[in-house]
There are 4 protein chains.
Amino acid sequence: MSQPIEIAQTESKKREKTGKAKRIRLTQKAIVTTAATLFAEKGFGSTSLDDIAEVLGVTKGALYYHIKNKEEILRLIYLSVLNVAEEPLRRIVESDLPCAEKLHKAIEHHIEVSADKSPAITVFYREHPHLTGPFAREIALRQKDYEHHFEHIIEEGITTGAFKAGSDPKIIMFGILGMCHWISQWYQPSGRYTPQQIAAMFTGMVENGLLPSEC
Amino acid sequence: MSQPIEIAQTESKKREKTGKAKRIRLTQKAIVTTAATLFAEKGFGSTSLDDIAEVLGVTKGALYYHIKNKEEILRLIYLSVLNVAEEPLRRIVESDLPCAEKLHKAIEHHIEVSADKSPAITVFYREHPHLTGPFAREIALRQKDYEHHFEHIIEEGITTGAFKAGSDPKIIMFGILGMCHWISQWYQPSGRYTPQQIAAMFTGMVENGLLPSEC
Amino acid sequence: MSQPIEIAQTESKKREKTGKAKRIRLTQKAIVTTAATLFAEKGFGSTSLDDIAEVLGVTKGALYYHIKNKEEILRLIYLSVLNVAEEPLRRIVESDLPCAEKLHKAIEHHIEVSADKSPAITVFYREHPHLTGPFAREIALRQKDYEHHFEHIIEEGITTGAFKAGSDPKIIMFGILGMCHWISQWYQPSGRYTPQQIAAMFTGMVENGLLPSEC
Amino acid sequence: MSQPIEIAQTESKKREKTGKAKRIRLTQKAIVTTAATLFAEKGFGSTSLDDIAEVLGVTKGALYYHIKNKEEILRLIYLSVLNVAEEPLRRIVESDLPCAEKLHKAIEHHIEVSADKSPAITVFYREHPHLTGPFAREIALRQKDYEHHFEHIIEEGITTGAFKAGSDPKIIMFGILGMCHWISQWYQPSGRYTPQQIAAMFTGMVENGLLPSEC
DNA sequence: TATGAATGAGCTTTCATTCAT
DNA sequence: AATGAATGAAAGCTCATTCAT
């Protein structure tokens with residue numbers, strides 16, 4: 001006989017794309033959204049382009065028709081966050097509401113964005129070390145800017161007597177922002193409270209304090 | 001094209017790896033400390049063992065005499081944080097200070113740990129997706145436990161009338177913890193305030209509110 | 001010392017990796033065949049994926065498009081052997097030839113496979129310690145099964161009086177199989193005898209003995 | 001507080017030597033014996049010097065006081081096999097026993113050595129690709145020599161009429177040797193038969209055949 | 001004699017990126 | 001627009017070997 005030994009075929013990586021195979025039209029937006037979810041779950045460094053492509057039901061190579069490289073996806077995520085967050089805050093600051101009201105609105109806005117649970121927010125606060133070059137600096141600047149707007153509200157309140165003096169506005173600002181940021185770590189849309197309710201509780205605590213009024 | 005023949009610069013390459021070349025005795029502790037700094041700067045996934053080894057002035061292989069693998073370094077960082085944070089908080093909760101005082105102490109403790117700016121904290125809040133297996137679950141549990149302790153203080157305060165009713169203690173807890181967590185992102189030991197001072201401002205805001213007393 | 005500056009021989013290094021550089025289309029089958037040859041020559045543990053890739057004229061990384069990992073190559077080699085060997089033996093056992101004839105056919109079959117000198121056989125008898133997990137057990141079972149078929153032939157022969165009683169069928173089976181296995185170590189297709197001739201000599205010895213008939 | 005974060009110590013590789021920790025005096029012989037067992041189980045390439053040292057209850061470095069390198073261990077295993085096998089066979093061949101008796105003794109001898117279960121035998125037939133240099137050639141030669149001695153017995157038998165003519169002595173030799181070699185794969189000292197009994201069955205089959213005498 | 005510590009080379013594997021089709 | 005195939009660089013890890021103590 002001495003026939004040639006047949007090699008058994010095996011399904012290797014090739015056909016493993018059992019993902020969702022949505023087969024929606026591939027767009028930059030779809031890539032960024034999908035990537036944000038995966039980055040939030042597993043981290044930027046541990047998410048491969050293969051992972052993203054699989055969820056989208058395409059092959060890795062296809063992504064490159066829509067994006068330049070992996071970091072660009074991350075850049076787009078950062079931009080998507082800032083683009084939604086900056087403008088409304090600016091309008092609140094520039095409005096002529098009383099300071100206490102401004103602070104409430106600002107907190108509400110920030111929470112709405114954070115609670116949007118958009119995994120993008122999670123990525124935003126976690127993956128900045130993976131940004132490089134001038135873009136990294138740009139993002140840092142715009143983030144600082146955002147913080148300054150909050151700070152201004154506090155400062156203005158203290159100056160006008162709307163808020164108590166005694167604390168450094170910058171520190172207060174960091175406290176309030178930290179409070180809001182953290183929401184992306186625990187908020188669930190299916191939970192008991194709406195973002196607006198949470199904003200009300202936070203504002204209540206921050207403005208009136210936890211202790212009962214003494215008089 | 002006939003491009004010019006390049007002269008090999010054998011020497012120059014060697015000198016490239018002169019990093020810090022501390023040449024301290026290599027220990028597990030030294031590895032973990034150095035790694036924490038690098039992880040905080042560049043992220044876990046983007047820090048190679050080569051990076052760590054270079055800073056320590058040894059070769060990659062040497063690290064493996066002291067640690068089992070890269071994830072173990074991360075695990076040790078997480079443990080180092082929890083081991084410092086848990087016990088003091090437990091003591092505060094179990095003490096018989098008045099609630100307002102307990103809250104102050106708890107905030108102070110948390111800020112002290114966070115402000116320690118120990119890059120370990122930055123890593124702690126950022127790299128958990130890189131933990132795997134049962135350890136990941138253990139850490140998540142211990143973190144939940146820590147949060148529960150804070151929650152209990154608020155709850156107790158509301159029950160005893162020390163704190164105003166009206167807000168969900170869990171939400172308040174998330175707010176306060178978020179406020180404190182964030183410190184590791186902006187605090188600098190060389191800055192204007194000590195952790196204790198910051199704790200005082202935060203406690204002031206949280207307990208008395210920003211608005212001036214009305215009476 | 002002032003040793004002479006070495007001129008970089010950029011070109012020469014590239015040419016070093018010209019191995020065979022077949023540049024046939026890379027397939028799983030090609031990888032497995034090439035690997036079998038190398039494993040047989042140098043052993044599984046001492047053959048690197050670089051070695052295999054070089055012979056195939058591709059880079060290491062390319063292999064991973066077709067196989068999952070190194071062990072999968074080994075698994076495919078084992079399957080390729082068993083897939084050729086099992087079925088024909090089963091048919092012989094289940095046929096209604098007289099026992100002596102069955103034994104002859106079985107020996108002939110086994111020798112044909114072994115003599116195929118396909119390096120796969122050499123690997124098969126040597127590298128099983130490198131198989132892991134359930135697959136290792138599966139292979140061991142299928143090998144045992146194969147042996148049982150041989151044993152049955154002997155047993156049946158003794159029961160029906162076709163073979164002398166007195167020896168343990170299992171021991172006889174081991175003897176005959178060992179005899180055949182070994183062929184892969186010395187057989188050369190270019191040698192004096194065909195597998196069929198060798199099978200005839202072996203069967204002659206095993207059935208009639210070396211001693212001249214006494215009557 | 002701001003106390004330094006303590007790094008939790010972990011038991012890494014260091015103290016893991018839970019092996020047998022025999023603590024017998026370390027000798028070259030002990031190393032070779034232990035190594036043979038491990039090589040037989042896991043293969044030469046997959047057994048590290050650490051593995052060997054652990055079983056012996058010493059550290060890797062200690063081995064180097066007794067052996068030059070890993071390959072030397074393998075060389076010593078090969079020598080230990082040949083040194084036991086060669087001399088007795090030579091004596092049998094040179095004796096003036098009748099041929100049939102010589103063959104019986106030779107088979108018995110070979111089986112005794114193989115069955116000695118000495119894992120060394122398993123290593124002997126499996127790891128030769130890891131021998132290098134002149135030693136590899138020396139071993140190959142001595143193995144050939146050993147085979148020639150067997151061949152001579154057959155040849156002599158045919159010439160003197162003690163054995164039937166018709167088969168090539170070399171092929172017969174390969175058959176008988178393969179039969180015996182294989183024993184190291186299945187023989188267990190605790191099994192039903194002694195090496196001598198197995199030798200008797202093999203000799204019976206080989207000299208008288210399985211078929212019943214016709215007269 | 002033996003240990004602890006380190007080196008350096010090599011290995012398997014992963015992956016962002018490229019490109020012909 | 002998308003795929004299949006390949007590259008090449010880097011990563012994590014292992015390990016034989018060396019050597020001061």
Side-chain angles (χ1 to χ4, degrees), chain A residues 12-15 17 23 25-27 44-53 56-73, chain B residues 17 23 25-27 44-53 56-73, chain C residues 17 23 25-27 44-53 56-73, chain D residues 12-15 17 23 25-27 44-53 56-73:
Chain A
S12 67
K13 259 173 193 165
K14 285 187 245 180
R15 302 256 164 258
K17 54 172 88 157
R23 266 327 175 140
R25 232 177 66 77
L26 190 57
T27 62
F44 176 78
S46 301
T47 303
S48 71
L49 291 185
D50 260 326
D51 294 336
I52 300 170
L56 289 164
V58 295
T59 40
K60 205 169 23 175
L63 302 181
Y64 280 86
Y65 192 83
H66 302 273
I67 51 138
K68 229 181 66 217
N69 53 36
K70 194 185 178 187
E71 200 185 332
E72 198 195 27
I73 303 182
Chain B
K17 62 164 92 163
R23 259 341 169 126
R25 233 179 67 78
L26 188 58
T27 61
F44 177 79
S46 302
T47 303
S48 73
L49 292 183
D50 260 326
D51 293 337
I52 300 170
L56 289 164
V58 294
T59 35
K60 208 174 11 181
L63 301 181
Y64 281 88
Y65 193 81
H66 302 273
I67 52 138
K68 231 177 66 215
N69 52 38
K70 196 185 178 188
E71 200 186 332
E72 198 195 28
I73 303 183
Chain C
K17 58 165 90 164
R23 264 328 171 138
R25 235 179 64 79
L26 189 56
T27 60
F44 176 79
S46 301
T47 304
S48 73
L49 292 183
D50 260 327
D51 293 337
I52 299 170
L56 289 163
V58 294
T59 36
K60 211 173 8 179
L63 302 181
Y64 281 87
Y65 193 81
H66 302 273
I67 52 137
K68 230 179 64 216
N69 52 37
K70 195 184 178 187
E71 200 185 332
E72 198 195 28
I73 303 182
Chain D
S12 66
K13 261 175 194 166
K14 286 189 245 179
R15 301 258 163 257
K17 57 171 86 156
R23 266 333 175 133
R25 233 177 67 77
L26 190 57
T27 62
F44 176 79
S46 300
T47 304
S48 72
L49 291 185
D50 261 325
D51 293 337
I52 300 170
L56 289 164
V58 294
T59 39
K60 206 171 19 177
L63 302 180
Y64 280 86
Y65 193 85
H66 302 273
I67 52 136
K68 228 180 68 216
N69 52 38
K70 195 184 179 189
E71 199 186 332
E72 198 195 29
I73 302 182

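A quick note: this is a predicted structure, and the numbers were derived from the prediction, not measured. Numbers restart at 1 for each chain; the letters A, B, ... are given by sequence-line order, proteins then strands.
- Protein atom CG of Leu26(C) is 13 Å distant from nucleotide atom C1' of dT7(F), rounded to whole Å.
- If you take CG of Leu56(D) and P of dT1(E), they are 15 Å apart, rounded to a whole angstrom.
- The side chain of Thr59(C) sits closest to dG8(F) out of dG8(F), dT13(E), dA2(F).
- Atom CG in Leu49(B) sits roughly 4 Å away from atom P in dG12(F) (whole-Å rounding).
- Rounded to an integer number of Å, the gap from Lys70(B) NZ to dG12(F) P is 4 Å.
- With rounding to whole Å, Ile52(A) atom CD1 is found 8 Å from dA16(E) atom P.
- At a threshold of 4.5 Å between non-hydrogen side-chain atoms, the residues Ile73(B) and Leu63(B) do not count as touching.
- Proximity of Tyr65(C) to Leu26(C): side-chain heavy atoms (C-beta onward) are nowhere separated by under 4.5 Å.
- Take Lys70(C) and apply the salt bridge (Lys or Arg N to Asp or Glu O under 4.0 Å) test, not counting sequence neighbours, and it matches no residue.
- The distance between atom CZ of Arg25(B) and atom P of dA20(F), rounded to the nearest whole Å, is 18 Å.
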Per-residue pairing states of DNA chain E in dot-bracket (Watson-Crick or G-U under 3.5 Å; . unpaired, | other strand) read .||||||||||||||||||||

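- Distance OH (Tyr64(A)) to C1' (dT3(F)): 15 Å, rounded to an integer number of Å.
- Residue Tyr65(D) has no polar side-chain atom (N or O) positioned under 4.0 Å from OP1 or OP2 of dT1(E).
- With rounding to whole Å, Asp50(C) atom CG is found 13 Å from dA9(F) atom P.
- Taking the nucleotide of DNA chain F with the nearest heavy atom to each of Lys60(D) and Gly61(B), the more 5' of the two is matched to Gly61(B).
- Minimum atom distance to the side chain of Ser48(A) is reached by dA16(E), of the listed dA11(F), dA2(E), dA16(E).
- The nearest heavy atom of DNA chain F to Asp51(B) and to Leu63(C) marks one nucleotide each, and the one closer to the 5' end goes with Leu63(C).
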